[in-house]
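Here the structure is laid out as structure tokens; the discussion comes afterwards.
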Amino acid sequence: MATKGNSKGRYMTKVGFYDIYAKDTYKPKKDGSSKHSLPEVSSTDFAIYHAKKMIQKGFKTKDLAISRATELMSQ
């Protein structure tokens, strides 16, 4: 059975039972760019997941996401 792509983004780290993923957004390719050139990343957003459920998103750095996940662990 085939599986679909990961829509959560790249897996970064685990904090307790929370997972942190990074999702990149890309700039559109220019007309004169090579067919095999890699796209440029315009921004990266981090999100906190517990199993398949998204807990919180919109963090700009990995450190902010980790600190929020540790706060959630202590609650």
Side-chain angles (χ1 to χ4, degrees):
M1 180 191 293
T3 60
K4 292 185 178 183
N6 188 357
S7 62
K8 297 182 212 176
R10 294 179 286 131
Y11 176 78
M12 298 303 288
T13 187
K14 187 173 200 70
V15 178
F17 51 82
Y18 292 115
D19 296 321
I20 297 177
Y21 285 87
K23 189 164 198 160
D24 297 326
T25 54
Y26 299 101
K27 292 181 183 177
K29 284 190 175 184
K30 296 179 182 171
D31 292 335
S33 65
S34 172
K35 180 180 178 182
H36 301 290
S37 64
L38 296 174
E40 291 185 41
V41 176
S42 63
S43 68
T44 303
D45 292 324
F46 293 88
I48 300 172
Y49 282 85
H50 178 246
K52 293 181 181 179
K53 182 180 177 187
M54 182 187 298
I55 303 299
Q56 197 169 3
K57 67 178 181 177
F59 299 103
K60 295 299 178 189
T61 63
K62 181 180 172 182
D63 295 331
L64 289 173
I66 290 173
S67 65
R68 179 64 182 146
T70 54
E71 286 177 21
L72 291 171
M73 288 289 296
S74 65
Q75 290 180 350

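For Thr25, the side chain to side chain contact (heavy atoms under 4.5 Å, CB included) partners are Ser42, Ser43, not counting sequence neighbours. Applying the side-chain hydrogen bond (donor to acceptor under 3.5 Å, both in side chains) rule to Gln56 yields the partners Arg68; only residues at least two apart in sequence or on another chain are considered. Every residue two or more places apart in sequence or in another chain was checked for a side-chain hydrogen bond (donor to acceptor under 3.5 Å, both in side chains) with Ser74, and none qualifies. Remark: Thr61 engages no residue in a side-chain hydrogen bond (donor to acceptor under 3.5 Å, both in side chains) (not counting sequence neighbours). For Tyr49, the ring-ring contact (aromatic ring centres under 6.0 Å, His included) criterion is met by Tyr21, not counting sequence neighbours.
Residue Phe46 is not grouped with residue Tyr26 when hydrophobic side chains (ILVMFWY) are merged at heavy-atom distances under 4.5 angstrom, including chains of intermediate members. Under a hydrophobic-cluster definition in which Ile, Leu, Val, Met, Phe, Trp and Tyr are linked whenever side-chain heavy atoms come within less than 4.5 Å, directly or via other members, Met54 and Leu72 are assigned to different clusters.
Between Phe59 and Ile48, the closest side-chain pair of non-hydrogen atoms falls below 4.5 Å. The closest side-chain heavy-atom distance from Tyr18 to Ile20 is not below 4.5 Å. Residues Asp19 and Tyr11 meet the side-chain proximity criterion, which asks for heavy atoms closer than 4.5 Å.
Side-chain N or O atoms of Lys23 include one that pairs as donor or acceptor with a backbone N or O of Ser7 at under 3.5 Å.
Other residues, nucleotides and ligands contribute only 12 or fewer heavy atoms inside 6.0 Å of the NZ atom of Lys27.
Among residues at least two apart or in separate chains, salt bridge (charged side-chain N to carboxylate O under 4.0 Å, His left out) pairs with a member in residues 52-66 are Asp45-Lys60.
Rounding to the nearest 0.5 Å places CE of Met12 at 8.0 Å from CD1 of Ile66.
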